[in-house]
Amino acid sequence: QKEVEQNSGPLSVPEGAIASLNCTYSDRGSQSFFWYRQYSGKSPELIMFIYSNGDKEDGRFTAQLNKASQYVSLLIRDSQPSDSATYLCARGGADGLTFGKGTHLIIQP
Amino acid sequence: GAGVSQTPSNKVTEKGKYVELRCDPISGHTALYWYRQSLGQGPEFLIYFQGTGAADDSGLPNDRFFAVRPEGSVSTLKIQRTERGDSAVYLCASRGGGAEADTGELFFGEGSRLTVL
């Protein structure tokens, strides 16, 4: 079992709708979680991080963490074509981040 | 510098050759990481430096891979006797300095794309 699991997709969402990206992790002791966005041929860039159970909102993005279920999600409201990218979920640790394989999101105009 | 800088951005080499990839982290960042990313995969951890020393090199796939950071700033990833399976994007990242500033976020460079023919 991989430490961080994501559905690779592609996930296709119409423009203006809510995109929901999901991630599960195996290490119950994990404390911090990160969502990175990666455009094709580019490096990952941070969208949000979350440490506490519940929701964290930043503009059109909401991260959700449920430690009991070992589940992290990212919601993107009012999806735009520019949101089309691969979204990487990662868990933090003393030696850096462990990434999932990423979910390829396509926003259809 | 303003961001993490990696050179070369692209490297094409022949099987069996030696390759060096360079990373210049954000000024003041003491932690430096090397990851490898293959097509359709997430970044895979290789090695982590805290200052000049390798704090964790458990991700290096074999003894053909080696990395150094002699002065605690610039790092070089060295690959000996390259194989076609080494072809990937090699990403370097650095992490914020003091405890207050450190959210755990890694700041990535643009990567070095290595192609082994």
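Convention: sequence-line order gives letters A, B, ...; per-chain numbering from 1. Nothing here was measured: the structure is a model prediction, and the numbers come from that model.
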Using modelled atom types and a 3.5 Å cut-off, is there a donor and acceptor pairing between side-chain atoms of B:Y35 and backbone atoms of A:L97?
yes

What are the two closest non-hydrogen atoms of B:Y33 and A:G96, and how far apart are they?
CE2-CA, 3.3 Å

Which atom names give the shortest non-hydrogen contact between B:R95 and A:G93, and what distance separates them?
NH1-O, 3.7 Å

Among residues 55-76 of chain B, residues within the sub-4.5 Å heavy-atom range of chain A, in order of number, are B:D56

Given the rule that I, L, V, M, F, W and Y join up when any side-chain heavy atoms are under 4.5 Å apart, are A:I47 and A:Y39 in one cluster?
no

Distance (rounded to the nearest 0.5 Å) between B:L106 CG and A:Y36 OH:
4.5 Å

Separation between CD (B:E105) and CD (A:E45), nearest 0.5 Å, reads 10.0 Å

Consider only side-chain heavy atoms of I, L, V, M, F, W and Y, link residues closer than 4.5 Å, and tell whether B:F107 and B:L21 are in one cluster.
no

Residue B:L91 versus chain A: region with a heavy atom under 4.5 Å:
side chain

Are more than 12 heavy atoms, taken from residues, nucleotides or ligands other than A:K67, located less than 6.0 Å from that residue's NZ atom?
yes

Interface moiety of B:Q50 toward chain A, non-hydrogen atoms closer than 4.5 Å:
neither

Other residues, nucleotides and ligands only: do more than 12 of their heavy atoms fall within 6.0 Å of NZ on A:K56?
yes

Cluster link A:V72 to A:L75, ILVMFWY, side chain under 4.5 Å:
no

Applying a strict under-4.5 Å side-chain criterion to I, L, V, M, F, W and Y, I'd like to know whether A:Y87 and A:L65 cluster together.
yes

Identify whether A:F61 and A:I50 are in the same connected component of the hydrophobic contact network (ILVMFWY, side-chain heavy atoms under 4.5 Å).
yes

Spell out the residues in residues 39-48 of chain B that have some non-hydrogen atom less than 4.5 Å away from a non-hydrogen atom of chain A, in order of number; otherwise answer 'none'.
B:G40, B:Q41, B:G42, B:P43, B:F45, B:Y48

